[in-house]
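Just below is one structure, and these are the notes that go with it.
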Amino acid sequence: MQVVEWYDELLRLTAGSPVVALNRAVAVGEADGPRAGLAALAAVPATVPRWTAVEAYLVEQDGDLPRATELYVQAAALAVDAAERDHLTRQAARLRAG
C-alpha cells in the first residue's frame, strides 16, 4: 500500500506524468489485486509506451491466460528494443505452453 502512496505523491509532483500513472497501475495491481490495477490502468492513455505490456501482465494475474497471451504478442510488436520484444515474446510463449 505504501508503494501506491509513493506513486500518488510522484503523480502530484510530476503533474500527472502518464509514465508514473502507468507504474502506479502496476503497484495498485500488486497491492489491491489485478482488477484494481486494470481499473487504474484504464485512467492512463493507451498511447503511453508499454501500456499493452502492463495490461497483459495484469490480465495474466487476473487469470485470463488466452487474452494475456494475445496482449503479450501485441506488446511485443510495439516494443521499442530487442530485449523488451524478446521478453514479451517469451511471456506469450510461456502462456501458450501452459
Side-chain angles (χ1 to χ4, degrees):
M1 186 69 104
Q2 186 174 0
V3 172
V4 174
E5 292 169 4
W6 291 337
Y7 277 111
D8 288 342
E9 180 65 10
L10 277 173
L11 282 169
R12 186 184 67 75
L13 294 172
T14 60
S17 163
V19 173
V20 173
L22 184 72
N23 291 329
R24 181 186 181 277
V26 175
V28 168
E30 294 296 324
D32 299 327
R35 289 188 184 177
L38 287 164
L41 182 64
V44 179
T47 56
V48 174
R50 297 177 182 84
W51 192 96
T52 305
V54 170
E55 183 184 24
Y57 172 76
L58 292 168
V59 167
E60 177 186 359
Q61 296 306 303
D62 195 40
D64 187 347
L65 303 184
R67 178 71 180 136
T69 302
E70 293 172 16
L71 288 167
Y72 279 126
V73 169
Q74 290 174 21
L78 297 170
V80 295
D81 64 60
E84 181 180 3
R85 187 171 34 260
D86 291 348
H87 169 73
L88 294 166
T89 300
R90 283 192 305 274
Q91 294 297 82
R94 175 182 56 80
L95 293 182
R96 277 193 196 110

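Side-chain atoms are counted along with the backbone in the values below, which use heavy atoms only and exclude waters and symmetry mates.
Contact of the V73 side chain with the R96 side chain is registered, since non-hydrogen atoms from C-beta on lie closer than 4.5 Å.
Taking hydrophobic clusters as Ile, Leu, Val, Met, Phe, Trp and Tyr residues chained together by side-chain heavy-atom distances below 4.5 Å, V28 does not share a cluster with W51. Note: the hydrophobic cluster containing V20 does not contain L38 (ILVMFWY, side chain heavy atoms under 4.5 Å, direct or indirect links). Both V44 and V59 are assigned to one and the same hydrophobic cluster, defined by single-linkage of ILVMFWY side chains at heavy-atom distances under 4.5 Å. Placement of L95 and L88 within a single hydrophobic cluster is found when ILVMFWY residues are connected by side-chain heavy-atom separations under 4.5 Å, directly or transitively. In this structure, W6 is not a member of the same hydrophobic cluster as L22, with clusters built from ILVMFWY side-chain heavy atoms closer than 4.5 Å.
Of the candidates L78, V19, V80, V80 is the only one forming a side-chain contact (heavy atoms from CB on, under 4.5 Å) with R50.
Distance alone, capped at 3.5 Å, is enough to place a donor-acceptor pair between the D81 side chain and the A83 backbone.
A distance of 8.5 Å separates CZ of R94 from OG1 of T69, quoted to the nearest 0.5 Å. Atom CD of E9 sits about 9.5 Å away from atom OG1 of T14, to the nearest 0.5 Å. Atoms CD and CG, from E30 and L58 in turn, are 8.0 Å apart once rounded to the nearest 0.5 Å. A distance of 10.0 Å separates CZ in R24 from CD in E5, rounded to the nearest 0.5 Å.
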